[in-house]
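A short worksheet on the structure shown next.
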Amino acid sequence: MAQKTIAIIGATEAMGEAVTKKLAASSTHRLLLFGHDKHKTDLLVEEIRKQSPLVEIECLNCLVDAGWEADYIISAGPVGAEHEIAEKIREVATQKI
């Protein structure tokens with residue numbers, strides 16, 4: 001079975017960071033992280049690579065690219081941003097979980 005890709009939108013928010021760390025520690029999925037603060041996202045990736053050096057993880061600067069590449073999309077952005085996030089990824093989120 002091919003490796004699945006999970007996009008975590010809002011990866012540096014409290015919930016997004018917790019989900020990202022849990023998936024990185026216990027998963028063989030490829031992780032794509034999107035956060036509005038690139039520096040915070042880069043620091044999170046660096047921390048995860050120290051704890052789980054074999055995990056396939058990267059930051060993306062574009063919300064749409066993250067959604068397009070993913071098999072699964074986790075929206076963990078700020079409270080109240082769900083509708084805005086859904087609108088931005090609508091076209092690339094078709095047929096995805």
Side-chain angles (χ1 to χ4, degrees):
M1 178 184 260
Q3 182 183 40
K4 298 292 185 180
T5 299
I6 301 173
I8 303 166
I9 298 168
T12 56
E13 298 293 322
M15 181 62 72
E17 186 173 333
V19 167
T20 299
K21 288 178 177 179
K22 185 71 170 175
L23 286 170
S26 63
S27 173
T28 59
H29 292 86
R30 175 178 173 235
L31 303 177
L32 301 175
L33 308 185
F34 175 82
H36 285 291
D37 185 334
K38 174 140 175 46
H39 178 70
K40 287 174 77 174
T41 309
D42 288 340
L43 289 175
L44 177 59
V45 168
E46 186 177 309
E47 177 185 346
I48 288 171
R49 284 189 175 140
K50 286 179 184 174
Q51 295 171 356
S52 304
L54 299 177
V55 70
E56 190 173 340
I57 187 169
E58 65 182 287
C59 300
L60 293 180
N61 296 325
C62 178
L63 177 64
V64 175
D65 287 347
W68 180 80
E69 286 191 48
D71 298 296
Y72 306 102
I73 301 170
I74 297 173
S75 179
V79 173
E82 300 88 358
H83 184 33
E84 180 183 349
I85 290 168
E87 284 298 316
K88 288 181 179 179
I89 64 170
R90 175 188 307 262
E91 290 182 34
V92 297
T94 305
Q95 302 296 317
K96 297 188 183 187
I97 297 172

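Numbers here simply count residues along the sequence, with the first being 1.
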**Request:** With sequence neighbours excluded, tell me which residues meet salt bridge (Lys or Arg N to Asp or Glu O under 4.0 Å) with K22.
**Result:** none
Atom [atom1] of [X] and atom [atom2] of [Y]: how far apart are they, to the nearest 0.5 Å?
X	Y	atom1	atom2	value
I73	I89	CD1	CD1	4.0 Å
S26	K21	OG	NZ	14.0 Å
L31	I8	CG	CD1	5.0 Å
S75	E13	OG	CD	10.0 Å
N61	T41	CG	OG1	8.5 Å
K38	L43	NZ	CG	10.0 Å

**Asked** Stepwise, does the salt bridge (charged side-chain N to carboxylate O under 4.0 Å, His left out) test hold for R49 with E46?
**Response** CA-CA 5 Å; R49 284 189 175 140; E46 186 177 309; over 6 Å; no
**Message:** Going by side-chain contact (heavy atoms from CB on, under 4.5 Å), name the residues that satisfy it together with A81, two or more places apart in sequence or in a different chain.
**Reply:** P78, I85
**Message:** I want to check something: taking the side chain as every heavy atom from C-beta on, are H36 and T12 in contact at a cut-off of under 4.5 Å?
**Reply:** no
**Prompt:** Does the side chain of I74 reach to within under 4.5 Å of the side chain of L23, using non-hydrogen atoms?
**Reply:** yes
**Prompt:** Thinking salt bridges, do K40 and E17 make one under a 4.0 Å N-O criterion?
**Reply:** no
**Item:** Under-4.0 Å salt bridge between R90 and E87
**Value:** yes
Smallest separation among heavy atoms of [X] and [Y], with atom names:
X	Y	answer
S52	A24	OG-O, 3.6 Å
F34	A66	CB-CB, 4.4 Å
G67	A7	N-CB, 4.5 Å
H29	Q3	C-NE2, 3.6 Å
D42	C59	OD1-SG, 3.4 Å

**Asked** Should we say atom CD of Q51 is surrounded by more than 12 heavy atoms from elsewhere, each under 6.0 Å from it?
**Response** yes
**Request:** Linking directly or through intermediates, with side-chain heavy atoms under 4.5 Å: list the remaining ILVMFWY members grouped with L32, chain and number order.
**Result:** L60
